[in-house]
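Only this structure's heavy atoms are used, side chains among them; waters, hydrogens and symmetry mates stay out. Predicted, not measured: the structure shown is a model, and the values here were computed from it. Each chain gets a letter, A, B and so on, in the order its sequence line appears, and its residues count up from 1.
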Amino acid sequence: MPELPEVETVVRGLAPRLAGCVIRQASFSSHLVVREDFRAMAARLAGRRIESVERRGKFIVLRLDRGALSIHLGMTGKLLLDGVRGEHTRAEFTLDGGVLVYDDARQFGRIEYGEPEPKRLAGLGPDALHSGREEFFDTLRRHAGRIKPLLLNQGVIAGLGNIYVDEALFAARVHPKARVSRLSERRLQALHEAVTSVLRRAIAAGGSSISDYVDAEGRRGSFQNEHCVYGRAGEPCQVCGGAIRRIELGQRGTHYCPRCQKV
DNA sequence: TCAAATGTTTGATC
DNA sequence: GGATCAAACATTTG
């Protein structure tokens with residue numbers, strides 16, 4: 001459910017409400033979401049002040065007066081301000097200014113603590129939204145292989161997921177199976193511009209709500225209405241009128257226009 | 001009953 | 001050290 005625009009939307013909703021709050025109490029109920037000892041984790045968080053709420057790739061990062069907490073929403077995670085405890089609630093943070101509820105049906109999400117920050121954040125590539133043209137080129141050119149799996153690799157570029165990779169490749173007219181090494185400077189530049197503009201437009205729309213994504217206030221996004229290829233197999237391409245095709249690539253459903261996107 | 005789902009990790013193989 | 005592919009994680013939905 002959550003890629004960069006969805007996580008950004010959640011962070012923008014949380015930041016003004018959480019900054020300056022103190023965590024009074026934390027409780028957990030899933031060893032899949034929280035891999036370490038619940039009591040040790042709760043003890044470390046109790047009494048900590050939240051200095052800021054930031055996004056790194058698809059991670060929500062709460063900077064605390066000591067250390068930092070990272071929250072990854074996986075596929076079905078929701079972080080709800082003053083949310084109500086439900087069947088799939090896996091964590092609850094009682095703050096001096098409200099309650100933060102972490103809900104996650106599939107439990108692919110992760111909550112981790114680290115000092116000064118969780119170690120896995122160090123493995124992320126440059127942020128897809130803030131990566132400049134030069135950095136984008138240099139990073140991609142260091143790798144071989146097909147462009148789509150590469151863009152999905154968080155260690156290469158952080159933040160893109162299945163929806164936005166398909167949408168950006170369509171906007172740049174690049175075939176998902178294209179080899180990075182075969183892409184011209186011009187194609188790469190188009191791709192960089194496409195990534196940036198698709199992400200910006202998606203953030204402006206509050207993200208994409210395909211099935212369950214909602215922001216910190218429980219509101220759905222609307223960018224799914226602007227998808228050109230994702231989830232539109234069989235529908236006519238908005239540019240050429242040909243049918244959008246769905247294939248499997250790197251174990252992910254992949255949507256593209258065979259006429260507009262050549263290898 | 002089967003397929004697919006906004007994600008990531010791990011292990012085998014080349 | 002990589003790329004590539006399959007499987008696994010757990011649950012819901014059509």
Side-chain angles (χ1 to χ4, degrees), chain A residues 1-11 29-35 55-60 70-79 86-90 102-112 118-125 128 139-169 176-182 195 198-199 201-203 205-215 219-234 246-255:
Chain A
M1 114 192 183
E3 302 182 32
L4 187 153
E6 290 75 35
V7 177
E8 178 72 18
T9 303
V10 170
V11 165
S29 56
S30 167
H31 286 290
L32 289 164
V33 173
V34 175
R35 297 299 176 99
R55 180 190 59 74
R56 292 262 282 118
K58 299 177 193 172
F59 288 85
I60 297 161
S70 70
I71 299 167
H72 193 295
L73 302 175
M75 289 280 259
T76 52
K78 298 173 185 147
L79 201 49
E87 189 189 348
H88 300 121
T89 296
R90 316 294 183 184
Y102 180 71
D103 211 86
D104 188 353
R106 291 172 73 178
Q107 302 175 86
F108 284 177
R110 297 287 180 270
I111 299 178
E112 293 168 297
K119 286 188 285 290
R120 71 176 56 256
L121 297 179
L124 294 174
T139 308
L140 289 188
R141 287 251 163 85
R142 278 204 295 273
H143 300 269
R146 292 167 175 163
I147 188 67
K148 168 156 178 177
L150 203 55
L151 292 174
L152 284 176
N153 184 339
Q154 303 300 298
V156 177
I157 297 278
L160 295 173
N162 211 30
I163 295 175
Y164 298 105
V165 166
D166 281 3
E167 292 298 321
L169 288 172
K177 283 187 175 176
R179 299 264 162 193
V180 199
S181 55
R182 305 282 308 269
V195 164
V198 165
L199 292 177
R201 290 194 293 121
I203 291 168
S208 302
S209 289
I210 303 295
S211 60
D212 25 16
Y213 165 72
V214 291
D215 70 11
R219 293 175 301 224
R220 290 167 59 82
S222 66
F223 196 68
Q224 65 278 8
N225 301 319
E226 296 176 54
H227 291 173
C228 293
V229 288
Y230 184 86
R232 297 200 183 280
R246 181 191 181 282
I247 60 170
E248 189 143 316
L249 210 188
Q251 293 186 295
R252 309 300 302 273
T254 296
H255 317 73

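In this structure, A:Leu160 and A:Leu151 approach most closely via the heavy-atom pair CB-O, 3.7 Å. Closest approach of A:Pro2 to A:Leu73, counting heavy atoms only: CG-CB, 3.4 Å. Contact between A:Ala128 and A:Leu199 at its shortest, heavy atoms only, is CB-CD1, 3.8 Å. When all heavy atoms of A:Gly161 and A:Lys58 are compared, the closest pair comes out as CA-NZ, 3.6 Å.
One atom, CE of A:Met75, and another, P of C:dA10, lie 15 Å apart when rounded to the nearest Å. Between the CD atom of A:Gln224 and the P atom of B:dA5 there is a distance of 16 Å, given to the nearest Å. Residue A:Asp104 contributes atom CG, which lies 9 Å from atom C1' of C:dA10 at whole-angstrom precision. Taking atom CZ on A:Phe59 and atom P on B:dT9, their separation rounds to 7 Å, with Å as the unit. What separates CZ of A:Arg120 from P of B:dT10 is a distance of 8 Å, to the nearest Å. Atom pair A:Arg90:CZ and C:dT11:P shows a separation of 7 Å (rounding to whole Å applied). Between the CG atom of A:Asp212 and the C1' atom of C:dT11 there is a distance of 10 Å, rounded to whole Å. Put simply, CZ on A:Phe108 is 8 Å from P on C:dA10, counting in whole angstrom units.
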Any N/O pairs under 3.5 Å between the protein and nucleotides 1-5 of chain C? List them or say none.
residue : atom : partner  : partner atom : Å
C:dA3   : OP1  : A:Ala144 : N            : 3.2
C:dT4   : OP1  : A:Arg179 : NH1          : 2.8

Could you go through nucleotides 12-14 of chain C and list every protein N or O atom that sits under 3.5 Å from one of its N or O atoms, giving the distance for each pair?
residue : atom : partner : partner atom : Å
C:dT12  : OP1  : A:His88 : NE2          : 3.0

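The nucleotide whose nearest atom lies closest to any side-chain atom of A:Glu3 is, among B:dT9, C:dA10, B:dG7, B:dG7.
Within the structure, a side-chain polar atom (N or O) of A:Arg246 is placed less than 4.0 Å from OP1 or OP2 of B:dA5. OP1 or OP2 of B:dT8 lies within a sub-4.0 Å distance of a side-chain N or O belonging to A:Gln154. For B:dT8, one of the phosphate oxygens OP1 or OP2 lies less than 4.0 angstrom from a side-chain nitrogen or oxygen of A:His72.
Each of A:Gln224, A:Glu3, A:His227 was compared with A:Ser208 under the side chain to side chain donor-acceptor pair (under 3.5 Å) criterion, and only A:His227 meets it. Exactly one of A:Ile157, A:Leu140, A:Val165 qualifies for a side-chain contact (heavy atoms from CB on, under 4.5 Å) with A:Leu150. That residue is A:Leu140.
Checking B:dT1 for Watson-Crick or G-U wobble geometry (two distances, each under 3.5 Å) identifies no partner in any strand. Pair assignment for C:dA10 gives none, since no Watson-Crick or G-U wobble pairing has each distance under 3.5 Å.
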Notebook entry, point to check: Yes or no on side chain to side chain contact (heavy atoms under 4.5 Å, CB included) for A:Val33 and A:Tyr102, after CA distance, side-chain angles and deciding distance?
Noted result: CA-CA 10 Å; A:Val33 173; A:Tyr102 180 71; 3.8 Å; yes
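Within the 4.5 Å cutoff, the side chain of A:Tyr164 has heavy atoms near those of the A:Phe223 side chain. A heavy-atom distance below 4.5 Å is found between the side chains of A:Val229 and A:Glu167. Side chains of A:Leu32 and A:Phe108 form no contact here, defined as non-hydrogen atoms less than 4.5 Å apart.
Nucleotides C:dG1 and B:dT8 have their P atoms positioned 23 Å apart, rounded to a whole Å.
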